[in-house]
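Written out below as structure tokens is the structure these notes cover.
Labels below follow one simple rule: chain letters A, B, ... track the order of the sequence lines, proteins then strands, and each chain is numbered from 1.
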Amino acid sequence: MEFRTLYCGDVRVEHVGQEITLAGWLHRRRDHGGLVFIDLRDSRGIVQVVINPTEPDLDLDTVQEFRNEWLIQVTGTVSERPEGTVNMNLPTGQTEVLASSVNVINPSNTPPFNVNDSSNVDESLRMKYRYLDLRRPNLQENLWLRHRVVKHIRDFLDDKGFIEIETPILIKSTPEGARDYLVPSRVHRGQFYALPQSPQQLKQLLMVSGFDKYFQIARCFRDEDLRADRQPEFTQLDLEMSFVTERDVLNLTEDLYLDIMAKLAPEFSVTNPMPRIKYQDAMDRYGTDKPDIRFALELKNLSAEVQDFDFTVFKDTLAAGGCVKAISAPGCSSYSRKQMAGLTEFAVSRGASGLITIAVDEDGEQSGNSYRSVLSKYLSDAEMHLIAKATDASPGDLILIVAGKPKIVNAVLGDLRLELRDRLNLVDQDTLAFCFITDFPLFDWNEEKQRWDSSHHPFTSPTEEDEQYLDTDPGRVISKAYDLVCNGSELASGSIRIHRRALQEKVLAILGYTSSEMLERFNQLLEAFDYGAPPHGGIAPGIDRFIALLSRNATSIRDVIAFPKTQAATDPLFGSPDEVSTEQLRDLGLRIVPE
RNA sequence: GGCCCGGUGGUGUAGUUGGCCUAACACACAGCCCUGUCAAGGCUGAGAUCGGGGGUUCGAAUCCCCUCCGGGUCGCCA
């Protein structure tokens, strides 16, 4: 006999009259004594089974022993539900299955938490019983969503002529960027493989090989501390193309995401086309290179307006090369002293020296506005007007001003902007506001180590116009790097790469590599460039973050990964990481040194 | 490594200005009743020394110290 002839979730009116066999988990039981209803659940849904004791082959006492999560096989007849008992909340709700026989395939212990609802459960308990958590509707939906998106990506790129190629998980450590996960070699005692932080150099080599358009759903590994949106292993859509410009990569990425949104998540409204914002503009207007553009509340630079004001804080800041910027919080002029203090504390905790507020009130006079602020002691009404005008503030608004080094001012006001977004409920949850950030600087100055770092990675190409400044002024060199950002979250990062050896060596030299270090770490790439390497570029969208954005119930990427790690990078289900046997250590030539 | 939040029957919560807590409620669990429910319903019952250790006190879930676990965040994430 077959385990089943129909899925629980597939029972419909068209099956009425048919004898079917179902196999599923007991989702819920409603026992009326003489009559028992069982909601039976399988991978495709839930159907109501009716246990009527008048059936000759049904033993009611047995059925009454069934409990939640028991795996049950039911044979019976599909029937239309009697009038008034239809359940429109279930896709199967116009039907029910009148059982003629039932069979326990496998009983279940009482589950450690409710499997048949979406109630909150302590996350470590959920992780310990991840296989049960995965039975619940939220994670089921998320993983199905993930599957559909990944399949869509594969089909989309296949259609565009891409080839999917797997690259090794055991590669060579190139210890810059994130910390590597290392794998000791048994064959070569004392030597190690590293797990890839991304297949970056491998995909560039595939371009040299002439594959032209490559992609991979690639697992990446970074041994850094975890966050809601960061796991030690995560998945990227890694893709690379030859003979392309930035515009080609951005257009392809835009097409891909718009296609996914249209076909798989049409309930969201999306930015189409996706705005392309230069890095410097993003910093000026939003204070960050990953702006949430669902709402305006843009940063305004007041440096020009306030430069002649008789106010020491502004004067000294500007004299020291700093800036004065502000945002206008709509409807917040009525904030209490305590609420204002809260905002100041928020700003100071993020590095600001202070926060200056101007509450804009209605005024019956010709001016229209009156102001409450510590600045009133120093500035004239006309000067206050100037600030209000520059920040587009209206009566009822609260102007928040930060003065200091541009980096800090942007960071603080950028964070305040997001804080106001949440406090004032400024965004629509059904919008995904994609945008591209372009024209990143090629290098960032590392104050601590007194050297230049790549702002993207060392293989990123400078623009042709700026190549001339590599020697004289690396800080002003703009790169061909770009990010895809959505609702304030970085979804993808990519660039046009360097494909000529001389330029690559020059960039590596600026980053502080000696010739011998270059050969030690990057020889495979540098040498490959000597064999007719084509110009190429690509992008690497994070799959986990994107699915989490699309999911209605995910609060972290853990909710879209089948078996994630805790914040301490452990797996409570398997108990990893764990010690290994002395034999295993001996094979590898390793010894554990106590702290 | 820093800062913040949390840990109370199997689960989720309440209680946390020390005493009325002999720890409450819901779900789950056990028993009984019940033939049209769908978060079924009714009655009865069992189940927690309040994450662990130490301390203060006549008295601690509640206050103090240490520690473990989970989460958020800063650092970190080319």
Determine the contact category for A:Ser349: base if any of its heavy atoms lies under 4.0 Å from a base atom, sugar-phosphate if only primed atoms, P, OP1 or OP2 are that close, otherwise nothing. nothing

Taking the minimum atom-to-atom distance to the side chain of A:Glu224, which one of B:G36, B:G70, B:C76 wins? B:C76

Whole angstrom is fine here: how far is it from OH in A:Tyr181 over to P in B:C77? 15 Å

Mind checking A:Pro82 for me? I need base, sugar-phosphate or nothing, with any heavy atom below 4.0 Å counting as a touch. base

Verify the neighbour count for atom CD of A:Glu579: are there more than 12 heavy atoms of other residues, nucleotides or ligands below 6.0 Å? no

Between A:His32 and B:A40, do the rings stack, that is, sit under 5.5 Å apart with planes less than 30° off each other? yes

Closest-nucleotide ordering on RNA chain B, the 5'-leading residue of A:Glu448 and A:Arg558: A:Arg558

Pairing partner of B:C29 (Watson-Crick or G-U wobble, both distances under 3.5 Å): B:G45

Measure from the side-chain heavy atoms of A:Phe113 and tell me the nearest of B:G70, B:U11, B:U35. B:U11

Between A:Ser119 and B:A28, is there a contact of a side-chain N or O with OP1 or OP2 at under 4.0 Å? no

Would you measure the distance from the P atom in B:G42 across to the matching atom in B:G51 and give it in whole Å? 32 Å

In whole angstrom, give me the gap between the P atoms of B:C3 and B:U13. 26 Å

Whole-Å P distance, B:G9 and B:G53: 15 Å

How would you label the contact of A:Asp31 with the nucleic acid (heavy atoms, under 4.0 Å): base, sugar-phosphate, or nothing? base

State whether A:Thr566 places a side-chain N or O below 4.0 Å from either non-bridging phosphate oxygen (OP1 or OP2) of B:G70. yes

Looking only at atom P, what distance separates B:C34 and B:G47, rounded to whole Å? 28 Å

Among B:G12, B:A28, B:A40, which nucleotide sits nearest the side chain of A:Asn68? B:A28

Check the angle between the aromatic planes of A:Phe459 and A:His457 and answer parallel, tilted or perpendicular using the 30° and 60° thresholds. tilted

Over how many whole Å does the gap from A:His27 atom NE2 to B:A40 atom P extend? 9 Å

I want to verify a distance call: between B:G36, B:A28, B:G71, whose nearest atom is closest to the A:Gln48 side chain? B:G36

Using the P atom as the reference point in each nucleotide, state the distance between B:A61 and B:C21 in Å, no decimals. 13 Å

Taking only the side-chain nitrogens and oxygens of A:Arg30, find out if one of them lies under 4.0 Å from OP1 or OP2 of B:U37. no

Of the listed nucleotides (B:G12, B:U35, B:A78), which one gets closest to any side-chain atom of A:Pro458? B:A78

Over all strands shown, is A:Thr460 touching base, sugar-phosphate only, or nothing at heavy-atom distances under 4.0 angstrom? nothing

Less than 3.5 Å between a donor and an acceptor, one on the side chain of A:Asp39 and one on the base of B:C38, is that the case here? no

Count the heavy atoms of every other residue, nucleotide or ligand shown that sit under 6.0 Å from OH of A:Tyr7, and state whether that count exceeds 12. no

Answer for the Watson-Crick or wobble partner of B:G6, both distances under 3.5 Å, is B:C69

Any side-chain to backbone donor/acceptor pair from A:Arg29 onto A:Gln64? Under 3.5 Å, distance only. yes

What is the separation between atom CD on A:Glu123 and atom P on B:U11, rounded to the nearest whole Å? 16 Å

Taking B:A26 as the reference, what is the distance to B:G71 when you measure between their P atoms (whole Å, please)? 31 Å

Taking for A:His456 and for A:Ser556 the nucleotide of RNA chain B with the nearest heavy atom, the one nearer the 5' end belongs to A:Ser556

What is the distance, to the nearest angstrom, from the CG atom on A:Asp422 to the C1' atom on B:G72? 14 Å

Could you check how far CZ of A:Phe459 sits from P of B:A78, rounded to whole Å? 12 Å

B:U62 pairs with which nucleotide, Watson-Crick or G-U wobble, both distances below 3.5 Å? none

Which nucleotide wins on minimum distance to the side chain of A:Asp122, given the candidates B:G12, B:U73, B:C38? B:G12

Mind checking A:Gln201 for me? I need base, sugar-phosphate or nothing, with any heavy atom below 4.0 Å counting as a touch. nothing

So, is the end of the A:Arg230 side chain (NZ or CZ) under 6.0 Å from the ring centre of A:Phe234 and within 45° of the ring's axis? no

Is A:Gln567 close enough to B:G72 that one of its side-chain N or O atoms is under 4.0 Å from OP1 or OP2 there? yes

A:Asp180 CG to B:C76 C1', in whole Å, measures 14 Å

Give me the distance, rounded to whole Å, that separates B:C63 from B:G6 when you measure between the P atoms they each carry. 11 Å

From B:G12, B:G75, B:C38, nucleotide with atom closest to A:Asp225 side chain: B:G75

Any donor-acceptor pair under 3.5 Å between the side chain of A:Arg28 and the base of B:C38? no

Determine the contact category for A:Leu90: base if any of its heavy atoms lies under 4.0 Å from a base atom, sugar-phosphate if only primed atoms, P, OP1 or OP2 are that close, otherwise nothing. nothing

Which nucleotide, B:G70, B:U35, B:A78, lies nearest any side-chain atom of A:Ala568? B:G70

Give a yes or no on whether a donor-acceptor pair under 3.5 Å exists between the nucleobase atoms of B:G75, that is its base, and the side chain of A:Arg227. yes

Listed nucleotide nearest any side-chain atom of A:Arg230, set B:G75, B:C38, B:U35: B:G75

Tested for side chain to side chain contact (heavy atoms under 4.5 Å, CB included) against A:Ile498, the lone hit among A:Pro535, A:Pro458, A:Ser461 is A:Ser461

Is the shortest side-chain heavy-atom distance between A:Tyr214 and A:Met207 below 4.5 Å? yes

Check the distance between B:A78's P and A:Gln200's CD and give it to me in whole angstrom. 12 Å

Do A:Glu123 and A:Gln567 come close enough that some side-chain heavy atom pair is under 4.5 Å? no

Any side-chain heavy atom of A:Ile51 sitting closer than 4.5 Å to one from A:Leu98? no

Contact check, side chains of A:Tyr193 and A:Ile169, non-hydrogen atoms, under 4.5 Å: no

Does B:C38 have OP1 or OP2 sitting under 4.0 Å from an N or O in the side chain of A:Arg29? no

Please report the distance, rounded to the nearest Å, between OH in A:Tyr513 and P in B:A78. 12 Å

Between A:Arg350 and B:G75, is there a contact of a side-chain N or O with OP1 or OP2 at under 4.0 Å? no

Of all the nucleotides listed (B:G70, B:G36, B:C27), which has the minimum atom distance to the side chain of A:Asn114? B:C27

Rounded C1' spacing from B:C50 to B:G10 in Å: 16 Å

